[in-house]
Amino acid sequence: MDDKIIKVRGVTVELEGVPVLRDLSLAVARGEVVAVVGPNGSGKSTLLRSLAGLVPVSAGSVEVFGAPPVDGPAFWRRVAWAADEPAWYPGLTTREHLELMRAVHGEPRLEVEAALELFGLSARADAPPLNLSTGQRQRLALAAALIRPSELLLLDEPERGLDAAFRERLGALLAGYAAAGGTVVAATHDAALATGARQVFPGNQLTS
Ligand SMILES: Nc1ncnc2c1ncn2[C@@H]1O[C@H](COP(=O)(O)OP(=O)(O)OP(=O)(O)O)[C@@H](O)[C@H]1O
């Protein structure tokens, strides 16, 4: 059985006429944690966006779950995404944001109170997200991505704003997600997160 849920073959992506990814190939199996690494501007976010069907490829092909990714509800029901800070609902508390995710997605991976505890947000559960610290807001964004069911987690610099202790916990959370059959692709500058994962360098084509 072919267990590759991501297949990128000879992909070139041009932005404003400039090739950002060149002839990139990558295959990712179910249950893998892949760290997309490299310097600023090397195409990490662009690779993630191409996996989500958010940027067109000018050559080659991308398949996720056996078909080209399409930025639509069927795709996003299977894929959780955490990249730039999301827009928060000003009238809802931190807890209510997680309750919303739980209500709309069904079959949550975590109960809301357990997620608040796991992400270190219990003490601030009644505060609106805009009254949280930067790192607390990033924890909430990650909690929102991880509370809902998904098969693939696409993360762009999930370590952004997190303290050292929580970065370590994040590594364990992602490993747990993969051990339960999920697949993670995370662009990261965090050495520890990358060390625990299979590393892919979009700028150097050192992929498999
Ligand atoms: N919308 C855009 N239009 C044109 N060029 C872009 C656009 N977005 C990104 N780029 C350029 O594409 C290249 C790759 O950007 P990308 O964001 O993928 O890099 P990155 O590896 O994720 O960087 P960082 O580590 O800084 O997040 C950069 O040179 C960037 O300036």
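Owing to the predicted nature of the structure, the values given are computational and were not obtained by experimental measurement. Read the numbers this way: they start at 1 and go in the same order the structure lists the ligands and their atoms.
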Counting only pairs under 3.5 Å, give me each side-chain donor-acceptor contact of residues 136-146, with atom names and distances, residues two or more places apart or in other chains.
from, atom 1, to, atom 2, distance (Å)
Gln136, OE1, Ser133, N, 2.9
Gln136, OE1, Ser133, OG, 3.4
Arg137, NE, Glu85, OE2, 2.6
Arg137, NH1, Leu132, O, 2.9
Gln138, NE2, Pro158, O, 3.0
Arg139, NH1, Phe119, O, 3.4
Arg139, NH2, Asp163, OD2, 3.1

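- No side-chain N or O of Glu151 forms a donor-acceptor pair with one of Thr183 less than 3.5 Å apart.
- Between Arg30 and Asp3 no salt bridge is recorded (no basic side-chain N to carboxylate O distance below 4.0 Å).
- Between the side chains of Tyr177 and Ser150, at least one donor-acceptor pair of N or O atoms lies under 3.5 Å.
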| message | Is there a side chain to side chain donor-acceptor pair (under 3.5 Å) between Asp156 and Trp81? Walk through the geometry before answering. | response | CA-CA 8 Å; Asp156 199 353; Trp81 168 266; over 6 Å; no
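- In terms of hydrophobic clustering, with Ile, Leu, Val, Met, Phe, Trp and Tyr side chains grouped at heavy-atom distances under 4.5 Å, Val33 and Ile6 are assigned to different clusters.
- Residues lining ligand 1 at a heavy-atom distance below 4.0 Å are given as Leu15, Glu16, Val20, Pro39, Asn40, Gly41, Ser42, Gly43, Lys44, Ser45, Thr46, Glu157, His189, ordered by chain and residue number.
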